[in-house]
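Below: the structure, in C-alpha cells.
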Amino acid sequence: PTFFNDYSFEFDGTDDFVSTSVTAIPLSLDVSISFWIKAPNQHVHNVVGGNGIFQYMSILNNDKLYTNHWTVGWVVLSSGVADGSWHHIVVTFDNATSDLKTYKDGVLESTNNIPGFSAGNHGITTIGRYGGSAIRFLEGNIDEVSVWGSILTSGNITSIYNGGTPNDLTSLSPYGW
C-alpha cells in the first residue's frame, strides 16, 4: 500500500494488503479492535482477515459491515460506512456473555450475542484483504488498526474517536497498533 497521508494507508482494491503478527489472543480473553476507515464505494471490501471472531470483517455490497467466524455471519453495523468519509469503528467481544458490540464514530450501534467459541485464538493476520486467500481486497484508506485482549470502555472509545487524528494508544495497552 501507499501512504495516503502521514497517518493512513491507501489500498487500491486490487492487490494491496498488510500482513500482521497479531494472531494469538486466546479465545478465553475478551477482545477489541479499533480502526479508522474511508471507503469510497459499496462493493465487497475486506477490512481485516484473521481467526476467531475476526476471521473476516467486510463491507458488503449493501454498505453494511459484517464480521464472520467460520460459516456463520452477523451484521454488526446497520448504518453505512462506504460513503467516502472517515469513520471510526470499534468492535468488542465479551467472552463471558458472548456479546459482540459495534461502535461507529463513538456511538454504540449494535449488540449481537454470538455463543459457541470454544477453542483457538482471536487474531488478525491481514489488513486490507481476506485472511485466508488473496480475495476481497479493500479499496480505500485505513488507519490506526489496533487490537486489545480486553474490552475497551465507552470512555476509551469516545477518547479515541474525539481525538479525531491518530494518537498514541500505548496507555490502553494494545497487543498491536
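Across all non-hydrogen atoms, the minimal contact from N95 to D30 is N-OD1, 2.7 Å. Across all non-hydrogen atoms, the minimal contact from F11 to D16 is CD2-O, 3.5 Å. Of all non-hydrogen atoms in P40 and G140, the two that sit nearest each other are CD-CA, 3.9 Å.
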task = Evaluate the criterion side chain to side chain contact (heavy atoms under 4.5 Å, CB included) for residue pair I89 and F35; output intermediate values, then yes/no.
result = CA-CA 5 Å; I89 305 296; F35 58 89; 3.7 Å; yes

task = Applying side chain to side chain contact (heavy atoms under 4.5 Å, CB included), run through V31 and V147 and close with a yes or a no.
result = CA-CA 7 Å; V31 66; V147 181; 4.2 Å; yes

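Listed by chain and number, the residues in a side-chain hydrogen bond (donor to acceptor under 3.5 Å, both in side chains) with T153 are N156 (sequence neighbours excluded). Applying the side-chain contact (heavy atoms from CB on, under 4.5 Å) test to S154 and every residue at least two apart in sequence or in another chain returns nothing. The side-chain hydrogen bond (donor to acceptor under 3.5 Å, both in side chains) check on D99 picks up T97, N113, with sequence neighbours excluded.
Residues D94 and L100 fail the side-chain proximity criterion, which asks for heavy atoms closer than 4.5 Å. A 4.5 Å side-chain heavy-atom check between S85 and K38 finds every atom pair outside the cut-off. Contact check for W86 versus N141: side-chain heavy atoms found under the 4.5 Å cut-off.
A donor-acceptor pair is defined here as one N or O able to donate and one able to accept, closer than 3.5 Å; no such pair exists between the side chain of S8 and the backbone of D143. No side-chain donor-acceptor contact under 3.5 Å links T102 to the backbone of V91. D12 contributes a side-chain N or O that, together with a main-chain N or O of D15, makes up a donor-acceptor pair within less than 3.5 Å. Here the side chain of S150 pairs no donor or acceptor atom with the backbone of W148 at under 3.5 angstrom.
The structure places NE2 of H88 at 6.0 Å from CH2 of W36, a figure rounded to the nearest 0.5 Å. Note: S34 OG to Y161 OH = 12.5 Å, rounded to the nearest 0.5 Å. Note that CG of L152 and NZ of K101 are 12.0 Å apart. Values are rounded to the nearest 0.5 Å.
Under a cut-off of 6.0 angstrom, the local environment of NZ in K104 is crowded, with over 12 non-hydrogen atoms contributed by other residues, nucleotides or ligands.
Linking ILVMFWY residues whenever their side-chain heavy atoms come closer than 4.5 Å, directly or via other members, places L108 and V90 in the same cluster. I33 and I151 sit in two unconnected hydrophobic clusters of ILVMFWY residues. Membership requires side-chain heavy atoms under 4.5 Å apart, directly or through other members.
Counted by atom type alone, D105 and H87 present one or more donor-acceptor pairs between their side chains at under 3.5 Å.
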